[in-house]
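As the structure lists them, so they are numbered: ligands from 1, and atoms in each ligand from 1.
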Amino acid sequence: MSFERALRCRECGREYDLAPVFSCEFCFGPLEVAYDYDGIRESISRDRIEAGPSTLWRYADLLPCDPAYKVDIGTGYTPLIDAKRLARAVGLKQLWIKNDTVNPTWSFKDRVVSVAIARARQFGFEAIACASTGNLANSVSAHAAAAGMDAYVFIPDDLEQGKVVGSGVYRPTLVMIEGSYDDVNRLCTEVAADHNWAFVNINVRPYYAEGSRTLAYEVAEQLGWRAPQHVVAPMASGSLFTKIWKGFQELHKVGLIDEPHTRMSGAQASGCSPIATAFQNHTFNFVPQKPNTIARSLAIGNPADGYYALKVMDETGGGAEMATDEEIVEGIYLLAETEGIFAETAGGVTVACLKKLVASGAINPNEETVAFITGAGLKTVEAVLDSMDEPIHIPARSAAFDEALRARNARVPAGVGA
Ligand SMILES: *Cc1c(COP(=O)(O)O)cnc(C)c1O
Ligand SMILES: [Zn+2]
């Protein structure tokens, strides 16, 4: 049972039957799932959601798949942290961290894959595939394993070890491509035409993308059924960013929250910033880039939803920022030291850009802000390995420890960093 009604072209509005297709035959615009919102409004209620499972399946009424086909490895309903120390550090009165590092494969991609694999199974696919910057490969591999499906995952050949092992351990067919994500994606579009596989971000992309809306649903519920005043979220293809905004609007449409007035701000790495650059140049037409950044999970030089992300910033009065590799590393440390959350490079981008947005006045210090931390740091240890404090390394004798501690305290007075 689900309330998906049709696929609709985002450009010309033509509607299509619910099938594994992703672009309009007439104008090549991207297709998006359309819902029977009246039906959802009648079925859904705050009580019903609150009584649901502690996963994203509590929002099944809003998902474009029959939950009977779900592969549930525990995705979603992640913590919303009252980030007091980070708020003070960046100059905000009220800041929340949506901590999506704690999903089953340690990134928000478990949300989109949960929906995509359920819909793929409902369509009757026996194999699942993806073109990935790393996290998606991890999630597709894990979900396919749990479902007993074949998985074909395609990644660039220069990814961090954590991202490679994070797929390989589930034993998918792992394909490393000589080139960037944009090369991987181009190849996969060709491969998808030759095989009857559900490519989560190609032929089932309209369903896949809808999984990101659950981030907005959770935040609104966790805030006591309301939308925040400002959101900062990372952008790769720009899909996640646009779907958070869609999620808040939908909750209003089905009667669960007041009309949202959230200002939506996006975060990118300076080394791959087609969307943020276009925003700063006051244009909706981004120029594709060749990525060169440690934030590999965000390294999409030709972002499929870049145009729509820019529209969301414009419509909501939001902003965009970008962070250098050095600032990304600082952002990772700042989040870790203030809130005890170890994020991957994408989280460093988000924190660094949050800080810049407040500093520039794009976020008012009084605006209640939610920052989305979308992936865990153990996947990208390379980013911080060389900049960690040197550990104390001693023989197993207490005298050696006393001496080392005295030497350390002479260098760094106790209490610094607290
Ligand atoms: C994929 C990804 C994103 C954003 O992806 P979009 O393509 O913009 O939807 C953000 N953070 C992490 C960690 C990711 O893996
Ligand atoms: Zn069209």
(message) Please classify the Leu298 to ligand 1 contact at 4.0 Å (heavy-atom distances, strictly less than): side chain, backbone, both or neither.
(response) side chain

(request) Answer with side chain, backbone, both or neither: which part of Asn135 has a heavy atom less than 4.0 angstrom from an atom of ligand 1? (result) side chain

(message) With a 4.0 Å cut-off on heavy atoms, is Phe108 in contact with ligand 1?
(response) yes

Protein contact to [atom] [nearest heavy atom, distance to 0.1 Å]:
atom: atom 2 (C) of ligand 1; answer: Lys109 NZ, 2.4 Å
atom: atom 12 (C) of ligand 1; answer: Thr374 OG1, 3.3 Å
atom: atom 5 (O) of ligand 1; answer: Ala236 CB, 3.6 Å

Will you find, in the side chains of [X] and [Y], an N or O donor that is under 3.5 Å from an N or O acceptor?
X: Ser387; Y: Tyr333; result: yes
X: Ser139; Y: Asp110; result: yes
X: Tyr217; Y: Glu250; result: yes
X: Thr78; Y: Asp100; result: yes

Counting both backbone and side chain atoms, is some N or O of [X] under 3.5 Å from an N or O of ligand 1?
X: Leu240; value: yes
X: Pro234; value: no
X: Met235; value: no
X: Ser107; value: no

(message) How wide is the angle at the Zn ion (ligand 2) spanned by Cys12 SG and Cys24 SG, rounded to 10 degrees?
(response) 110°

(request) Compute the angle centred on the Zn ion (ligand 2) spanning SG of Cys27 and SG of Cys9, and express it rounded to 10 degrees. (result) 100°

(message) My understanding is that we take every heavy atom of each candidate and find the minimum distance to atom 6 (P) of ligand 1. Doing that for Ala376, Ser237, Ser297, which one comes out nearest?
(response) Ser237

Tell me whether [X] is salt-bridged to [Y], with the criterion being a basic N under 4.0 Å from an acidic carboxylate O.
X: Lys355; Y: Glu327; answer: no
X: Arg5; Y: Asp38; answer: no
X: Lys246; Y: Glu210; answer: yes
X: Arg48; Y: Asp61; answer: yes

(message) Need the ligand 1 atom indices (1-based, order shown) with element for anything under 4.0 Å from a heavy-atom of Ala346.
(response) 11 (N), 13 (C)

(message) Is the ring pair Phe199/Trp197 parallel, tilted or perpendicular, if the boundaries are 30 and 60 degrees?
(response) tilted

